[in-house]
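To start, the structure itself, in structure tokens.
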Amino acid sequence: MTSDAPRKPSPPLAKPLDMAQLQRLCSEIFAPWVQALDLQVRRLEGSELTLALSVTPPHVHAGGVLCGQTLMAAADSAMVLAISAQFGGFQPMTTVQLQTSFLRPVPGDAGEVQVLARVLKLGRQLVFGEIECRLPSGTLAAHATTTYALL
């Protein structure tokens with residue numbers, strides 16, 4: 001079955017953003033409560049971006065571990081930045097799916113979590129990716145798969 005509707009063109013791929021530009025995006029595109037996570041861009045290599053998420057008391061719940069909601073917000077934010085890096089700037093997008101598996105708790109005294117976002121497929125309308133959240137020891141704490149719609 002074919003459609004007569006015009007296809008949305010792929011956004012042009014430009015020179016990827018550098019780490020300083022990506023760090024600035026954190027304060028330009030994310031909501032204030034996400035900015036309060038103080039995500040730090042640590043590495044950009046190809047289609048992979050790594051953020052550091054500090055484990056701080058406001059994000060540790062009564063069980064003494066980092067809230068899953070905080071991990072999911074960091075994962076989603078990391079992927080938005082990874083996609084933006086590929087396009088050379090922020091492109092309007094929305095999260096269609098964020099499937100997260102929590103494999104082990106992040107202790108409230110862990111210090112920080114490394115959040116690695118990897119763009120798997122950059123399509124015309126959809127972008128697919130995966131995210132790993134790792135403890136300082138390198139142990140995988142959470143894994144997510146994502147789909148974003150380009151607007």
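Along the sequence shown, residues are numbered consecutively beginning with 1.
In this view, Gln114 and Glu112 satisfy the side-chain hydrogen bond (donor to acceptor under 3.5 Å, both in side chains) rule, not counting sequence neighbours. Ala20 meets the side-chain contact (heavy atoms from CB on, under 4.5 Å) test with Asp18, Arg24; sequence neighbours excluded. Legend: residues meeting side-chain contact (heavy atoms from CB on, under 4.5 Å) with Pro107, ordered by chain and number and at least two apart, are Asp109, Ala110, Leu135. Residues passing the side-chain hydrogen bond (donor to acceptor under 3.5 Å, both in side chains) test with Thr94: none are found, sequence neighbours excluded. In this structure, Ser101 has no side-chain hydrogen bond (donor to acceptor under 3.5 Å, both in side chains) partners at least two apart in sequence or on a different chain. Residues meeting the side-chain contact (heavy atoms from CB on, under 4.5 Å) test with Asp38, sequence neighbours left out: Gln40.
Here Ile83 contributes atom CD1 and Phe128 contributes atom CZ; the two are 10.5 Å apart, rounded to the nearest 0.5 Å. Note that NE2 of His59 is 8.0 Å distant from SG of Cys67, once rounded to the nearest 0.5 Å. Interatomic distance, Gln69 CD to Thr100 OG1, rounded to the nearest 0.5 Å: 11.0 Å. Note that the CG atom of Leu81 and the CG atom of Leu22 stand 5.5 Å from one another [nearest 0.5 Å]. Here CD of Gln35 is found 9.5 Å from CD of Glu28. Values are rounded to the nearest 0.5 Å.
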Just list the side-chain donor-acceptor pairs under 3.5 Å for residues 143-151, sequence neighbours left out, or say none.
unit_1 : atom_1 : unit_2 : atom_2 : d
His143 : NE2    : Glu130 : OE1    : 3.0
Thr146 : OG1    : Gly129 : N      : 3.4
Thr146 : OG1    : Gly129 : O      : 3.3
Thr147 : OG1    : Gln97  : OE1    : 3.4
Tyr148 : OH     : Asp76  : OD1    : 2.6

Donor-acceptor pairs under 3.5 angstrom involving side-chain atoms of residues 43-57: please list them, not counting sequence neighbours.
unit_1 : atom_1 : unit_2 : atom_2 : d
Arg43  : NH1    : Glu45  : OE1    : 3.2
Arg43  : NH2    : Glu48  : OE1    : 3.3
Ser47  : OG     : Val119 : O      : 3.4
Glu48  : OE2    : Arg118 : NE     : 2.8

* **Chi angles and distances behind the side chain to side chain contact (heavy atoms under 4.5 Å, CB included) call for Met72, Phe102** => CA-CA 10 Å; Met72 290 181 76; Phe102 298 98; 3.8 Å; yes
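Of all heavy-atom pairs spanning Val34 and Ser77, the tightest one is CG1-OG, 3.3 Å. Ser84 and Leu25 make their closest contact through CB-CD1, 3.9 Å (heavy atoms, listed as atom of the first residue, atom of the second, distance). Minimum heavy-atom separation, Gly108 to Val60: CA-CG2, 3.7 Å. Here the shortest heavy-atom pairing between Cys133 and Val113 reads CB-CG1, 3.9 Å.
Contacts classified as salt bridge (Lys or Arg N to Asp or Glu O under 4.0 Å) and involving residues 78-98 (residues at least two apart or in different chains) are not found. Note on residues 56-73: no pairs pass salt bridge (Lys or Arg N to Asp or Glu O under 4.0 Å), not counting sequence neighbours.
Clustering of Ile, Leu, Val, Met, Phe, Trp and Tyr side chains at separations under 4.5 Å places Leu103 together with Leu140.
Taking the side chain as every heavy atom from C-beta outward, Leu122 and Phe87 approach each other to under 4.5 Å. Phe30 places a side-chain heavy atom less than 4.5 Å from the side chain of Val80.
Between the side chain of Gln23 and the backbone N or O of Leu39 there is at least one donor-acceptor pair closer than 3.5 Å.
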